[in-house]
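Here is how names work: the chains are called A, B, and so on, in the same order as the sequence lines, proteins then strands, and each is numbered from 1.
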There are 2 protein chains.
Amino acid sequence: MRPSTLKKQQKIIEVATKLFFEQGYSETSLDQIIEVCGGSKQTLYSYFGCKRGLLIQVISCCTEEVGNVFQFDTDSDSSLSEQLTLFGYDYLRALCSQPIIDMYRIIVAEARRDKELVEFFLSRGPHRFYNRLSEFLQSKAQQRKIVLEDPALTSAQLMGLLRGNYFQDVVLGMDIPSDEEMMRYSVQAVRCFLQGYETKA
Amino acid sequence: MRPSTLKKQQKIIEVATKLFFEQGYSETSLDQIIEVCGGSKQTLYSYFGCKRGLLIQVISCCTEEVGNVFQFDTDSDSSLSEQLTLFGYDYLRALCSQPIIDMYRIIVAEARRDKELVEFFLSRGPHRFYNRLSEFLQSKAQQRKIVLEDPALTSAQLMGLLRGNYFQDVVLGMDIPSDEEMMRYSVQAVRCFLQGYETKA
DNA sequence: CACTTATCGTACTGTCCAGTACGGTACAGT
DNA sequence: ACTGTACCGTACTGGACAGTACGATAAGTG
């Protein structure tokens with residue numbers, strides 16, 4: 001393989017990501033991609049085989065980048081509530097970022113046709129996050145900070161609670177909430193998660 | 001307008017709903033619809049103007065049907081926990097039903113192009129539900145059953161909590177959970193909402 | 001420098017589909 | 001029965017686009 005080949009491949013993926021995300025997958029033609037980044041359609045086919053092959057590379061690269069965002073600060077001496085709140089904030093901010101929204105729309109649109117793509121996306125995205133949260137909660141349960149009978153179920157609850165209606169809304173085109181709003185919401189969500197709403201009568 | 005016209009329109013909407021939901025909107029051609037329900041393409045255009053016009057009618061009819069599912073049993077003498085659980089179960093079951101999943105996928109796929117369609121869908125679907133839940137919680141707060149500083153925020157929390165990861169998952173093609181599983185989850189979600197997870201130390 | 005191979009540019013094929021045109025036909029009301 | 005209008009069937013237009021073909025050219029290697 002020529003050394004320029006790798007550069008070229010990355011350039012194509014970069015441009016394809018931009019166009020797929022801005023316009024949608026089926027709304028973007030390969031001619032359009034070539035037009036922007038130069039080169040020949042034949043070359044593109046020799047790299048990726050078909051349009052779907054290119055999409056898989058795009059999703060692969062994008063999930064790679066995002067996946068490294070979440071890091072639990074298990075060592076820090078901040079309180080459980082603070083740790084969860086910060087975590088929730090990072091989560092919410094990532095979910096409500098333009099690239100994730102764009103990617104999610106594409107995955108949903110292709111979900112009916114392409115189960116494999118979905119599986120690929122889930123394993124590299126949401127499920128990784130889910131597992132990390134689940135482990136974190138278990139460690140906190142061992143420290144007797146929380147009551148945890150079913151880690152999987154509780155993690156799912158917390159994820160849903162943290163998302164609230166924000167993710168649904170932004171996916172459907174509502175304005176992305178400000179960082180302050182997401183932080184405020186995260187604080188409240190964690191409070192609910194830990195304490196609940198029932199009156200202590 | 002001829003009496004048969006209305007029948008014909010409904011028949012077209014019915015067939016279009018089926019095909020749009022099964023195959024996707026942009027994957028379904030108008031010729032295909034005509035082929036199934038008979039008649040002429042010209043007639044279809046005279047009724048709905050264009051393909052998007054037909055889609056709007058489809059969404060309109062479908063949201064109409066679904067919107068009438070949720071009813072709060074405000075009169076019943078069951079406990080708050082029971083009422084919320086039942087409500088959550090109905091909500092989850094509706095969200096994870098095939099028609100809603102299919103419709104949601106279409107809306108997401110069209111969201112980038114068609115803000116108006118999204119607005120239409122939101123106002124007739126999720127927002128109606130959201131408002132009803134918010135009112136219910138407020139009535140319970142007046143009865144001193146729960147602490148409620150911010151009804152809007154708290155409703156969003158509860159909705160997210162009730163959805164957990166189920167809705168995301170089924171939209172991406174995972175198997176629809178059984179009624180028993182959804183009921184179990186709803187019970188736990190409401191428990192979390194009311195009591196939280198923190199250890200009472 | 002010579003030679004191989006990756007890449008380029010352009011043109012082409014086959015297909016799909018939204019929307020239109022138009023002549024013919026069934027069905028209302030009178 | 002008469003007449004206008006709603007509907008039917010079929011064929012067509014125009015455009016988009018995935019994937020292919022192929023001769024020309026440039027980039028690497030010996």
- prompt: Among pairs that include at least one residue of residues 6-21 of chain A, which meet salt bridge (Lys or Arg N to Asp or Glu O under 4.0 Å), considering only residues two or more places apart or in two chains?
  reply: A:K18-A:E22

- request: Any pair with a residue in residues 170-194 of chain B that passes salt bridge (Lys or Arg N to Asp or Glu O under 4.0 Å), sequence neighbours left out, goes on the list, sorted by first then second residue, please.
  value: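 Checked against salt bridge (Lys or Arg N to Asp or Glu O under 4.0 Å) - neighbours excluded - the pairs reaching residues 170-194 of chain B are B:R93-B:D179.
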
Using salt bridge (Lys or Arg N to Asp or Glu O under 4.0 Å) as the criterion, list what pairs up with [X], not counting sequence neighbours.
{"X": "B:E135", "value": "none"}
{"X": "B:E64", "value": "B:R124"}
{"X": "A:D102", "value": "none"}

Aromatic centroids of A:F87 and A:F129 separated by under 6.0 Å: yes

- prompt: Does the side chain of A:Y47 get closer than 4.0 angstrom to OP1 or OP2 of C:dA6 through an N or O atom?
  reply: no

- request: Check each residue of residues 52-60 of chain A for a non-hydrogen atom within less than 4.0 Å of any atom in DNA chain C, then write out the ones that pass by number, or none.
  value: none

message: Short of 4.0 Å, heavy atom to strand atom, which residues of residues 13-31 of chain A count as contacting DNA chain C?
response: none

Rounded distance (Å) that lies between atom [atom2] of [N] and atom [atom1] of [X]:
{"X": "B:I12", "N": "D:dC7", "atom1": "CD1", "atom2": "C1'", "value": "11 Å"}
{"X": "B:F48", "N": "C:dA18", "atom1": "CZ", "atom2": "P", "value": "15 Å"}
{"X": "A:L44", "N": "D:dA21", "atom1": "CG", "atom2": "P", "value": "17 Å"}
{"X": "B:I33", "N": "C:dG19", "atom1": "CD1", "atom2": "C1'", "value": "14 Å"}
{"X": "A:Y45", "N": "D:dA21", "atom1": "OH", "atom2": "C1'", "value": "13 Å"}
{"X": "A:E35", "N": "D:dC17", "atom1": "CD", "atom2": "P", "value": "11 Å"}
{"X": "A:R113", "N": "D:dA18", "atom1": "CZ", "atom2": "C1'", "value": "13 Å"}
{"X": "A:K8", "N": "D:dA26", "atom1": "NZ", "atom2": "C1'", "value": "12 Å"}

statement: Contacts satisfying ring-ring contact (aromatic ring centres under 6.0 Å, His included) that involve residues 21-63 of chain A (not counting sequence neighbours) are A:F20-A:Y25

field: Within residues 148-185 of chain A or reaching into it, pairs that qualify as ring-ring contact (aromatic ring centres under 6.0 Å, His included) - sequence neighbours excluded
entry: A:Y104-A:F167, A:Y166-A:Y185

query: What residue among B:L158, B:V187, B:L161 forms side chain to side chain contact (heavy atoms under 4.5 Å, CB included) with B:C192?
result: B:L161

field: Shortest side-chain distance from B:T5, nucleotide among D:dA6, C:dA6, C:dG19
entry: D:dA6

- prompt: Counting side-chain heavy atoms from C-beta on, which of D:dC7, D:dG19, C:dA18 comes nearest to B:T43?
  reply: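 When the side chain of B:T43 is considered, D:dC7 is the closest of D:dC7, D:dG19, C:dA18.
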
field: Which residue lies more 5' along DNA chain D, comparing B:S46 with A:Q32 via nearest heavy atoms
entry: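 Nearest-nucleotide comparison on DNA chain D picks B:S46.
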
Distances under 3.5 Å between nitrogen or oxygen atoms of protein and nucleotides 21-30 of chain C:
| residue | atom | partner | partner atom | Å |
| --- | --- | --- | --- | --- |
| C:dA21 | N7 | B:Q42 | NE2 | 3.1 |

Show me the side-chain donor-acceptor pairs of residues 115-123 of chain A shorter than 3.5 Å, one per line, residues at least two apart or across chains.
| residue | atom | partner | partner atom | Å |
| --- | --- | --- | --- | --- |
| A:S123 | OG | A:E119 | O | 3.2 |
| A:S123 | OG | A:F120 | O | 3.0 |

query: Looking at residues at least two apart in the chain, or sitting in another chain, which of them share a side-chain contact (heavy atoms from CB on, under 4.5 Å) with A:N131?
result: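 Testing A:N131 for side-chain contact (heavy atoms from CB on, under 4.5 Å), a comparison that skips the adjacent residues, returns none.
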
task: For side-chain contact (heavy atoms from CB on, under 4.5 Å), just list the numbers for A:R52 and A:E110, CA-CA rounded to whole Å, side-chain angles, deciding distance to a tenth of an Å, and then say yes or no.
output: CA-CA 10 Å; A:R52 178 174 172 274; A:E110 295 302 307; over 6 Å; no

